[in-house]
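Letters A, B, ... are given to chains in the order of the sequence lines, protein chains preceding strands, and every chain is numbered from 1.
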There are 2 protein chains.
Amino acid sequence: MTSAKSTDVQPTGDPLEPVSCGPLPCTGGRLRKLTRRMTSFYEQHLRAIGLKLSQYSVLMNLSTEPQTLLQLADRLEMDRTTLTRSLKPLVDQGWVAEVAGDDARRRLLVLTASGHRFRKQAQQVWCDAQLALETQLGRDFTADLNAQLDRALSQLKPALPEEN
Amino acid sequence: MTSAKSTDVQPTGDPLEPVSCGPLPCTGGRLRKLTRRMTSFYEQHLRAIGLKLSQYSVLMNLSTEPQTLLQLADRLEMDRTTLTRSLKPLVDQGWVAEVAGDDARRRLLVLTASGHRFRKQAQQVWCDAQLALETQLGRDFTADLNAQLDRALSQLKPALPEEN
DNA sequence: AAATATTATGTGCATATGCACATAATAGAT
DNA sequence: ATCTATTATGTGCATATGCACATAATATTT
């Protein structure tokens, strides 16, 4: 062993290099577990109208204005290709349509008339689910949780794709 | 307008039937978004050893003792059938093996020797990721977030499957 | 105008998620 | 011993997630 002066009494761990890592809880694991339960909770309600939670968020985010795939993906912060496939059942149901944009590359996604009607209905159901959730978790706790999630989102920015 | 006395100034909403539901934030949506980012964060680290976060949690939860599929699914609180398929790449890699139990129905899942070695390596990498996360979010905030997630988990119990 | 870069999108692959349905083995009831 | 219920698991389907690769159209450079 090297000599240890009184200012050097922690030979096994530099406090800035915080110990070896036994008891650290996995934040990601917790989050994934809670997300499974939470999604299940919402979808118990949404099942009545045959909608997934992710589809609901697509309908809501399309309800204000037509957007291209990339714009919508950015807004939802979903992978572009995930969104492509999530849209398919909505297009098949006739709730979302693709119209040509001024640029032949991009197609604008728009809510159809029946899409707007369905979105209203879905919003009612979602609202019931959200209220049920807040009843179960408690108003104040839900608000706190939302705030924590927002704060985490603002501090954990998405990784930039590597430049190739 | 109808007359309003000083004790009756909220004609549009019964406070116990909390208004119509315009501005409620979607807790589930936030959670899903954060989970995507968080998973991505961990997997940027885990990619070095070609492991998904969910696979890591399987390895960790198998490291103490052999279990049947159902036991492991309960512990991880994952859908049984999701776990079946998550295990396949781990079995293919030779990290997990299935051995016959005393009952011909159940097979015990066990970590192989190389599985144990790999799990140790994976734990190092995971630990780096967790520390990086805590650095980015702040120690105290991460601890708070973990606590909030735990509390939400304890209050939002999984739905019981319907009796048929 | 031609070559090159960027933009917008699609498809294939691997895994994640959970529901519905199917099967095999054991346990319990008659 | 046989019928029935329960337990443990698998498979098919639909969607979610994101990476790698491919293509078409527009923009930029030379």
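Closest to the T81(A) side chain, of the nucleotides dT11(C), dT26(D), dT9(D), is dT11(C). Comparing dG10(C), dT9(D), dT15(D) by their nearest atom to the side chain of E98(A) picks out dG10(C). You'll find that the side chain of Q55(B) is closest to dT15(C), out of dC19(D), dT15(C), dT15(D).
Atoms CG (L109(B)) and C1' (dG10(D)) sit 14 Å apart, rounded to a whole Å. Here the C1' atom of nucleotide dC21(D) and the CZ atom of R80(A) are 11 Å apart, to the nearest Å. Distance K88(A) NZ to dA14(D) C1': 11 Å, rounded to the nearest Å. Atom pair K52(A):NZ and dA16(D):C1' shows a separation of 8 Å (rounding to whole Å applied). What separates CG of L83(B) from P of dT11(D) is a distance of 14 Å, to the nearest Å. What separates CG of L87(A) from P of dT11(C) is a distance of 13 Å, to the nearest Å. Note: CE (M38(B)) to C1' (dT17(D)) measures 17 Å, nearest angstrom. When rounded to the nearest whole Å, the span between OH of Y42(B) and C1' of dG18(D) equals 19 Å.
Counting atom types as modelled, R85(A) pairs a side-chain N or O with a base atom of dG12(C) as donor and acceptor under 3.5 Å. Residue-to-nucleotide contacts include no donor-acceptor pair under 3.5 Å from the side chain of R47(A) to the base of dG18(C). Under 3.5 Å, the side chain of R107(B) and the base of dG10(D) form no donor-acceptor pair of N or O atoms. Residue R105(A) places no side-chain atom within donor-acceptor reach of the base of dT9(C), judged by atom type and a 3.5 Å distance cut-off alone.
Backbone-only contact: T68(B) has heavy atoms under 4.0 Å from sugar-phosphate atoms and none from a base.
Contact annotation: S86(B) reaches the phosphate of dA16(C) (side-chain N/O to OP1 or OP2, under 4.0 Å). At least one side-chain nitrogen or oxygen of T84(A) sits closer than 4.0 Å to the OP1 or OP2 atom of dG10(C).
In terms of position on DNA chain C, the residue among R106(A) and D103(B) whose nearest nucleotide sits closer to the 5' end is R106(A). If you find the closest nucleotide of DNA chain D to S40(B) and to R32(B), the one lying nearer the 5' end belongs to R32(B). Mapped onto DNA chain C by nearest heavy atom, Q71(A) and R37(A) fall at different nucleotides, with Q71(A) at the one closer to the 5' end.
Without hydrogens or angle criteria, R32(B) side chain to T39(A) main chain gives no donor-acceptor distance under 3.5 Å. Formation of a donor-acceptor pair under 3.5 Å by the Q67(B) side chain with backbone atoms of N61(B) is found in this model.
In this structure the side chain of L108(B) reaches within 4.5 angstrom of the side chain of T68(B), judged on heavy atoms. At least one side-chain heavy atom of R85(B) sits less than 4.5 Å from a side-chain heavy atom of T81(B).
Donor-acceptor pairing under 3.5 Å is recorded for the side chains of Q123(A) and R119(A).
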Check: Run the side-chain contact (heavy atoms from CB on, under 4.5 Å) check on V99(A) and R107(A) step by step: do they pass?
Finding: CA-CA 6 Å; V99(A) 302; R107(A) 266 141 304 151; over 6 Å; no
